[in-house]
Amino acid sequence: MTSTPESNPRQDQNERSEEPARSLNFIEQIIEDDAKSGRFGNRVHTRFPPEPNGYLHVGHAKAIILSYGIAKQYGGLFNLRFDDTNPSKEDVEYVESIKEDVKWLGADWQDRLFFASDYFEQMYEYAVQLIKKGKAYVCDLTAEQIRETRGTATVPGTPSPYRDRSVEENLDLFKRMRDGEFPDGSKTLRAKIDMASPNFNLRDPVMYRILHTPHHRQGTKWSIYPMYDWAHGLEDSIEGITHSICTLEFEHHRPLYDWFLNELGVYHPQQIEFARLNLTYTVMSKRKLLELVKNNYVDGWDDPRMPTICGLRRRGFTPESLRIFCKTIGVAKFNSTIEATVLENAVREDLNKKALRRMAVLDPIKLVIDNYPEGQTEKLVAVNNPENEADGVREVSFSKTLYIEREDFMEDAPKKYYRLSPGREVRLRYAYYVTCKSCVKDADGNVVEVHCEYDPETRGGQSADGRRVQGTIHWVDTQTAIDAEVRLYDRLFNVPNPDDPDNLGDYKDYLNPESLKVVKGAKLEAALADASLDDRFQFERIGYFTLDKTATKDAPVFNRTVSLRDSWSKVAKK
RNA sequence: UGGGGUAUAGCGUAAAGGCAGCGCAGCUGGCUCUGAACCAGUUAGUCGGGGUUCGAAUCCCUGUACCCCAGCCA
């Protein structure tokens, strides 16, 4: 096609419409193409199909938010379906944790909570159909023999000697497999496809194995269990899923699902594969996460340093912050790695809008206001959230002796340092201007007390004469402060890719020894005594914090979700 | 070295033959009762080689790199 810039149709269209053309990701494109062709009668129905054999992590969050988001965006439905086809690895404990995490993320399956195991009877009937068509057979080869006869990338597999059993014999044997007549591993049901296929998945894949293992939902009803490849496409078909969104490694299984569904002549969903999430400074494999938990490198699956959904929740992440994260990273088929800062930034973005501001001193030293009346106390008004006026204000108490952050005083300060130093004036947030006069040190030369004089004319933090101060520091009144433990979390690993095969040694050698710093004697403003698990706070000038589940009324514990951005640290380095 | 995928700035992600754009990170500056937030500006990119075309990230050929696949796991 030839066209001049002047007559380009797409450009004309853009000029006509007010809004710029919406850019769709590749999944949205497929959905919209299908909507146009009427392929699924304008239905959109997605699902999240976890196996209940472990805890969900942020990679699953991407999949959940994606699938649920697509359904919601196109007015469709979303199912939660447990892919519980292997009782030897699964447990009801995981079912509950997964439900909790999916719900917390905001993916609403309404009344559509399903289990693959509820379809076992129907799958069995489908298998019988395939046997009757001559497309499946009972095979007596051992697992090892099957492996040996599968062939390699360059040489075709060799057909099983049982491949040409009669339909009657197969029917009889399959029934007896179900009835529990044979021991584990002695027989399988295999699809009769093509032992020479370049796609290993089509070299007569196993559909059923014998497993005399009780199922967490089916009890001892079954002696045979369907394999993932046989079951999964059927599950989607049975539920009327239109678009089965999954990760890239299932791409070459798609021809097999297609084969099953076509041979059965049943409803046929469209599978779409996307690249799984990789994040820097963490690991994502179930095996490694399990190892970290089992060997106590972390404090359980919900340790706030873990990339698990429950870990992120305990860390103080919000569902919205994960949705922001997913929107930022997008979705594609390219195998990418997301920088950890993107996740951190997503939670900052959400919490900046929501978190109530509070003052807390993590590494306290005393500030004494020499000219403030002994014994006097007053209440000052502080804004709860400058980003949301509706959050209102609170009162904070103030007196002659306060706690301030050790690092907010420097005896010999560079010019660019805006905080306390002898002779310099700063603002105590929401309180007064104070001018530093001197400091007191202990025998080791550590500063233990800073002495200041305040200007009574600056109450509330503003001066009548309009003079400015460069720095504002936070503080907590010694009279009303509450003590707390504060846990400062940082990245779990100190290299971007702990899994990099070029690394020396094991991924565990790269654990960040400073990923958790416990601060025992933190001083918090009194209002923090009422904190509950769902609250999100910004400790001003420090970071975002949330109450830990181990906190008690008498012994509060706060977790740092993420620090505030800190441009001073860059200046200080220069 | 059989098959299936994927390559656009430091990291992600758009552009459906027509000005390579956006977010994050970086850098400058502004504003500020949080060295936060916010605002403005700015650096930097089509894997290589051919071809088709007035015009190619896009189409064709060819090469390269990376990911996935030989469980009775999912």
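Letters A, B, ... are given to chains in the order of the sequence lines, protein chains preceding strands, and every chain is numbered from 1.
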Would you indicate what A:Lys416 reaches in the nucleic acid, counting non-hydrogen atoms under 4.0 angstrom: base, sugar-phosphate, or nothing? base
With a 4.0 Å cut-off on heavy atoms, is A:Tyr418 in touch with a base, just the backbone sugar-phosphate, or nothing at all? base
Examine A:Phe539 together with A:Phe545 and report whether their ring centres are nearer than 6.0 Å. yes
Touch class at under 4.0 angstrom, heavy-atom based, for A:Thr337 against every strand present: sugar-phosphate
Take atom CD of A:Glu273 and atom P of B:rC68, then tell me their distance rounded to the nearest Å. 16 Å
How does protein reach along nucleotides 69-74 of chain B, written 5' to 3' as B (base within reach of a heavy atom under 4.0 Å), S (only sugar-phosphate), or - (no contact)? BBSBSB
Heavy atoms from C-beta onward define the side chain here; which of B:rG23, B:rU34, B:rG5 lies closest to that of A:Leu564? B:rU34
Taking B:rA36, B:rU6, B:rA16 as options, the one with an atom nearest any side-chain atom of A:Glu387 is B:rA36
Which part of the nucleic acid, if any, lies within contact of A:Glu251, taking any heavy atom under 4.0 Å across all strands shown: a base, the sugar-phosphate backbone alone, or nothing? sugar-phosphate
Nearest-Å distance, CZ (A:Arg348) to P (B:rC38)? 11 Å
Taking the same atom, P, in B:rU58 and in B:rU53, what whole-Å distance lies between them? 16 Å
Sugar-phosphate, base or nothing in reach of A:Pro386, heavy atoms under 4.0 Å: base
A:Tyr417 side-chain N/O to A:Phe409 backbone N/O, donor-acceptor pair under 3.5 Å: yes
Output yes when at least one side-chain N/O atom of A:Lys333 is less than 4.0 Å from OP1 or OP2 of B:rC67, else no. no
Interatomic distance, A:Leu256 CG vs B:rG4 C1' [rounded to whole Å]: 14 Å
Quick one: A:Asn384 CG to B:rA36 C1', roughly how many Å, whole number? 17 Å
Taking atom P in both B:rG3 and B:rA44, what distance in whole Å separates the two? 42 Å
State yes or no: are the ring centers of A:Phe558 and A:Tyr544 separated by less than 6.0 Å? no
Less than 6.0 angstrom separating the ring centers of A:Tyr433 and A:Tyr454, yes or no? no
Could you work out the separation of B:rC19 and B:rG55 based on their C1' atoms and round it to a whole Å? 12 Å
Tell me whether the centres of the aromatic rings in A:Phe398 and A:Trp475 are closer together than 6.0 Å. yes
Heavy-atom side-chain contact between A:Thr458 and A:Arg467 under 4.5 Å: yes
Nearest-angstrom distance, C1' atom, B:rC38 to B:rU34: 13 Å
State whether the distance check finds a donor on one side and an acceptor on the other, under 3.5 Å, for side chain A:Arg419 versus base B:rG35. yes
B:rC47 and B:rU8: how far apart are their C1' atoms, nearest whole angstrom? 10 Å
Starting the side chain at C-beta, find the nucleotide from B:rU34, B:rA16, B:rG35 nearest to A:Gln29. B:rA16
May I ask you to decide whether A:Arg287 forms a salt bridge with A:Glu291, counting only side-chain N to carboxylate O separations under 4.0 Å? yes
Rounded to whole Å, please give me the gap between CG in A:Leu277 and P in B:rC11. 16 Å
Would you indicate what A:Phe82 reaches in the nucleic acid, counting non-hydrogen atoms under 4.0 angstrom: base, sugar-phosphate, or nothing? nothing
Gap in Å between the two C1' atoms, one belonging to B:rU46 and one to B:rU13, rounded: 13 Å
Categorize A:Arg358 for me: base, sugar-phosphate, or nothing, with a 4.0 angstrom heavy-atom threshold over every strand shown. nothing
Taking the ring centre of each residue, are A:Tyr124 and A:Phe174 less than 6.0 Å apart? yes
Just call it for A:Val331: base, sugar-phosphate, or nothing, with non-hydrogen atoms closer than 4.0 Å on any strand. sugar-phosphate
Are A:Phe82 and A:Phe115, when compared by the centres of their aromatic rings, separated by less than 6.0 Å? yes
Let's test your reading of the pairing rules: Watson-Crick or G-U wobble, both distances under 3.5 Å, then write RNA chain B as a dot-bracket string with ( ), [ ], | and dots. .((((((..((((....[..)))).(((((.......)))))....(((((..]....))))))))))).....
Under 4.0 Å protein heavy-atom contact, by nucleotide of nucleotides 40-45 of chain B - B base, S sugar-phosphate only: ------
For B:rG17 versus B:rU32, give the span between their P atoms, rounded off to a whole number of Å. 50 Å
Can you tell which of A:Glu540, A:Glu405, A:Arg429 makes a side-chain hydrogen bond (donor to acceptor under 3.5 Å, both in side chains) with A:His474? A:Glu405
Roughly how many Å is it from CG in A:Asp499 to P in B:rC68, rounded to a whole number? 11 Å
Return the nearest nucleotide to the side chain of A:Thr154; candidates are B:rG2, B:rU34, B:rU13. B:rG2
Taking A:Glu525 for its side chain and A:Asp477 for its backbone only, find out whether a donor-acceptor pair lies under 3.5 Å. no
Given B:rC68, is OP1 or OP2 found less than 4.0 Å from the side-chain N or O atoms of A:Asn335? no
When you check the gap from the basic side-chain N to the acidic O, do A:Asp236 and A:Arg81 get nearer than 4.0 Å? yes
Please give the distance between the P atoms of B:rG41 and B:rG23 as a whole number of Å. 11 Å
Between A:Asp229 and A:His253, a side-chain donor and acceptor under 3.5 Å: yes
Donor-acceptor contact present, side-chain A:His57 to main-chain A:Met284, <3.5 Å: yes
Roughly how many Å is it from CD in A:Glu405 to C1' in B:rG35, rounded to a whole number? 14 Å
Indicate syn or anti for B:rG71, taking the glycosidic torsion and treating anything within 90° of 0 as syn. syn
Looking for any heavy atom pair under 4.0 Å, which part of the strands does A:Gln470 touch: base, sugar-phosphate only, or nothing? nothing
Between B:rU13 and A:Ser336, is there an OP1 or OP2 to side-chain N/O distance shorter than 4.0 Å? yes
Rounded off to whole Å, could you give me the CD1-to-P distance for the A:Ile338 and B:rG23 pair? 16 Å
Of A:Thr341 and A:Ala431, the one whose closest nucleotide on RNA chain B sits nearer the 5' end is A:Thr341
Please check if atom NZ in A:Lys416 has more than 12 non-hydrogen atoms from other residues, nucleotides or ligands closer than 6.0 Å. no
